[in-house]
Amino acid sequence: MENLGKRLKECRKAMHLRQEETAKMLDIGYSTYRRYEQSGKGVSFEDAVKMAKLFHVSLDYLGGLVDEAETGE
């Protein structure tokens, strides 16, 4: 799941957001979001869906299953 953390960070930076801002937008704790970026571990499905929607990417992209970030929306 290291791809997840790496991709979260890339998506967040592409939107010019800080971790604190991102966590607030996702309605999750700052330390929780920071852990997601650092390790990619412990992410609930619900949080993964929120992140995919916020960053306009697919769950497959976040999980490292595909290299294309676009959701087609």
Side-chain angles (χ1 to χ4, degrees):
M1 293 304 269
E2 68 186 51
N3 280 342
L4 175 61
K6 181 180 177 183
R7 294 219 169 148
L8 288 174
K9 187 173 184 176
E10 289 171 359
C11 290
R12 176 180 59 80
K13 287 186 174 235
M15 292 181 68
H16 307 286
L17 296 170
R18 295 186 333 256
Q19 287 179 330
E20 298 90 346
E21 295 171 307
T22 306
K24 191 171 189 173
M25 293 171 81
L26 294 167
D27 195 30
I28 60 177
Y30 164 66
S31 61
T32 300
Y33 181 77
R34 193 175 86 211
R35 178 175 34 105
Y36 290 167
E37 268 195 25
Q38 288 176 345
S39 70
K41 295 181 181 175
V43 179
S44 70
F45 183 74
E46 180 180 287
D47 286 348
V49 169
K50 287 182 195 179
M51 291 182 281
K53 286 181 179 180
L54 174 66
F55 297 134
H56 305 285
V57 298
S58 69
L59 289 171
D60 286 345
Y61 176 76
L62 285 181
L65 299 175
V66 298
D67 290 330
E68 293 296 317
E70 296 298 318
T71 60
E73 293 179 10

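Residues take their numbers from the sequence shown, with the count starting at 1. Since we're looking at a predicted model, the values are computed, not measured.
To the nearest 0.5 Å, the span separating OH on Tyr36 from CG on Leu26 amounts to 9.0 Å. Here the SG-CG distance, from Cys11 to Leu54, works out to 9.0 Å after rounding to the nearest 0.5 Å. Note that the NE2 atom of His56 and the NZ atom of Lys53 stand 11.5 Å from one another [nearest 0.5 Å]. Between Leu17 atom CG and Arg12 atom CZ the span is 7.5 Å, to the nearest 0.5 Å.
Among all heavy-atom pairs drawn from Val66 and Ser58, the shortest one is CG2-OG, 4.2 Å. Residues Phe55 and Leu8 come closest through the heavy atom pair CE1-CD2, 3.9 Å. In terms of heavy atoms, Asp67 sits closest to Arg7 at OD1-NH2, 3.0 Å.
Considering Leu59, Val57, Val43 in turn, Val43 is the only one that fulfils the side-chain contact (heavy atoms from CB on, under 4.5 Å) rule with Met51.
Taking hydrophobic clusters as Ile, Leu, Val, Met, Phe, Trp and Tyr residues chained together by side-chain heavy-atom distances below 4.5 Å, Met15 shares a cluster with Leu4.
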- Could you walk me through whether Asp47 and Tyr33 pass the side-chain contact (heavy atoms from CB on, under 4.5 Å) check? CA-CA 9 Å; Asp47 286 348; Tyr33 181 77; over 6 Å; no

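Looking only at distances, no side-chain donor or acceptor of Arg34 sits under 3.5 Å from a matching main-chain atom of Gln19.
Atom NZ of Lys9 has 12 or fewer neighbouring heavy atoms from other residues, nucleotides or ligands inside a 6.0 Å radius.
Contact annotation: the side chain of Ile28 approaches that of Lys50 to within less than 4.5 Å [non-hydrogen atoms, C-beta and beyond].
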